[in-house]
Chemist: 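Take this structure, written in structure tokens, and hold onto it; I'll ask about it next.
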Amino acid sequence: MQVRSSRSAQAGRDPVHHPVFARWYARCSAAAESRGMADVRRRLLGGLSGRVIEIGAGNGLNFAHYPGAVSEVVAMEPERALRALAVEAALRAETPVDVAPGVAEALPVKSEAFDAAVLSLVLCSVRDVPRALAEVRRVLRPGGEVRFFEHGAGGGRVMHATQRALDRTLWPPLAGGCHLSRDAVAALREAGFELGPYRRMTIPENGPALPQSFCVIGTAWRPSSDAGARRRVIRRTSGAVRPRWRRRPRRPS
């Protein structure tokens, strides 16, 4: 199939550059597919349709699991090495995929252009979570769907303390900017999304609970009421009364 991925080859300095982590992540994520992650991806993406934007596509392992009702995927990945692997994955996918550079906090796409957005193990590493989610809300049409699979805070008090300690020290520089103690559900709620069903889980589900094991998979929506608010803003702007220039009255001579 044809992949519109010319933007991914653009030269210049990348806003995200973690080549060592990218190589490690590519190997580990591919190995995890046979240990349950492929099933998680199918659950994450099942039932989607229309135009989809995937933010932080990594090495493109989601591409093989998009259902046939998806007409196009625009996959944003800022890390060059992972983006190159995503282009290769797009060539093997049945769904049309456009792999492009771009950070979550400033998506280079039009507003209200997508029916759904996919967030898969990305909110842990973005630099500004509220700004990134504001961008997701901007590019989704009113009523558009968010599918999310994220890892973050979990376990008891000891595990929470461990996650926070690692976030302050070793983990982000070793893991490509990843943070262990973020709460994706709370972040989506605070960004104004309507939360649907979600499920907390550990990955691997039957393995030991490590600081990075606590995950959540679920659905959220951009409120349909956003459309009414947008129309009201447009009406106020278009219906604004322009000032009229009035000729000053002549002073009596």
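For this chain, numbers begin at 1 and follow the sequence in order. Bear in mind that the values here come from a model prediction, so they are computed numbers and not experimental data.
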Chemist: Please confirm whether the backbone N or O of V122 pairs with a side-chain atom of E150, one donor and one acceptor, at under 3.5 Å?
Modeler: yes

Chemist: Mark yes or no for whether R189, through its side chain, and E194, through its backbone, hold a donor-acceptor pair below 3.5 Å.
Modeler: no

Chemist: Does a side-chain heavy-atom distance below 4.5 Å link V40 with I217?
Modeler: yes

Chemist: Would a 4.5 Å heavy-atom cut-off, applied to side chains only, mark M201 and S213 as touching?
Modeler: no

Chemist: To the nearest 0.5 Å, how far apart are CZ in F193 and CZ in R222?
Modeler: 8.5 Å

Chemist: Before accepting this row, confirm whether a basic side-chain N of the pair E205/R200 lies closer than 4.0 Å to the acidic partner's carboxylate O.
Modeler: no

Chemist: Less than 4.0 angstrom from a charged side-chain N to a carboxylate O is my criterion; do E145 and R147 meet it?
Modeler: yes

Chemist: side-chain contact (heavy atoms from CB on, under 4.5 Å), that's the test. Do L180 and H151 meet it? Break it down for me.
Modeler: CA-CA 7 Å; L180 297 165; H151 78 87; 3.9 Å; yes

Chemist: So which atom in N59 and which in A26 form the shortest heavy-atom distance, rounded to 0.1 Å?
Modeler: ND2-CA, 3.7 Å

Chemist: Quick one: pull up CG in D115 and CD1 in I53 and give me the separation to the nearest 0.5 Å.
Modeler: 12.0 Å

Chemist: Measure the spacing between OG1 of T219 and CG of L195 and express it to the nearest 0.5 Å.
Modeler: 9.5 Å

Chemist: I'd like to know if L210 and L121 are part of one continuous hydrophobic network [Ile/Leu/Val/Met/Phe/Trp/Tyr, side-chain heavy atoms within less than 4.5 Å].
Modeler: no

Chemist: Looking only at heavy atoms, what is the nearest atom pair of A90 and V99, with distance?
Modeler: CB-CG2, 4.0 Å

Chemist: Taking the side chain from S71 and the backbone from G50, do they hold a donor-acceptor pair closer than 3.5 Å?
Modeler: yes

Chemist: Can you confirm whether R138 sits close enough to L107 that some side-chain heavy atom of one is under 4.5 Å from a side-chain heavy atom of the other?
Modeler: yes

Chemist: A81 and A22: which non-hydrogen atoms are nearest, and at how many Å?
Modeler: CB-CB, 3.9 Å

Chemist: Just how far is it from atom CH2 of W221 to atom CG of L140, taken to the nearest 0.5 Å?
Modeler: 12.0 Å

Chemist: Between the side chain of E79 and the main-chain N/O of G58, is any donor-acceptor distance below 3.5 Å?
Modeler: no

Chemist: For a quick test of reading the model, state the closest non-hydrogen atom pair linking E54 to V73 and the distance between them.
Modeler: CB-CG1, 4.3 Å

Chemist: Between H179 (side chain) and C124 (backbone), is there a donor-acceptor pair under 3.5 Å?
Modeler: yes

Chemist: May I ask you to say whether R51 pairs ionically with E72, meaning some side-chain N is under 4.0 Å from a carboxylate O?
Modeler: yes

Chemist: Using the rule that Ile, Leu, Val, Met, Phe, Trp and Tyr join whenever any side-chain heavy atoms are under 4.5 Å apart, tell me whether M159 and I203 fall into a single cluster.
Modeler: no

Chemist: Output the distance between atom CE (M37) and atom SG (C215), rounded to the nearest 0.5 Å.
Modeler: 7.5 Å

Chemist: How close do A191 and L133 get, heavy atom to heavy atom, and via which atoms?
Modeler: CB-CB, 3.7 Å

Chemist: I'd like to know if the side chain of Q163 reaches the main chain of G152, judged simply by a donor and an acceptor atom lying under 3.5 Å from each other, with no hydrogens or angles considered.
Modeler: yes

Chemist: What are the two closest heavy atoms between R41 and S120, and how far apart are they?
Modeler: NH1-OG, 4.2 Å

Chemist: Got V74 and V97 here, is their nearest side-chain heavy-atom distance under 4.5 Å?
Modeler: no

Chemist: Side-chain heavy atoms under 4.5 angstrom apart, residues restricted to Ile, Leu, Val, Met, Phe, Trp, Tyr: same cluster for F149 and V70?
Modeler: yes

Chemist: Check whether any side-chain heavy atom of R80 lies under 4.5 Å from a side-chain heavy atom of P101, and answer yes or no.
Modeler: no

Chemist: Is the shortest side-chain heavy-atom distance between V216 and R199 below 4.5 Å?
Modeler: no

Chemist: So how far is it from S224 OG to R141 CZ, rounded to the nearest 0.5 Å?
Modeler: 8.0 Å

Chemist: Are any of the side-chain nitrogens in D226 or R137 under 4.0 Å away from the carboxylate oxygens of its partner?
Modeler: yes

Chemist: Can we say D167 and R164 salt-bridge, meaning some charged N sits less than 4.0 Å from an Asp/Glu carboxylate O?
Modeler: no

Chemist: Inspect the surroundings of CZ in R127 and state if more than 12 heavy atoms from other residues, nucleotides or ligands are less than 6.0 Å away.
Modeler: no

Chemist: With a 4.5 Å cut-off on side-chain heavy atoms, are R182 and V126 touching?
Modeler: yes

Chemist: Side-chain contact test, heavy atoms from C-beta onward, threshold under 4.5 Å: evaluate it for F63 versus E94 and give yes or no.
Modeler: no

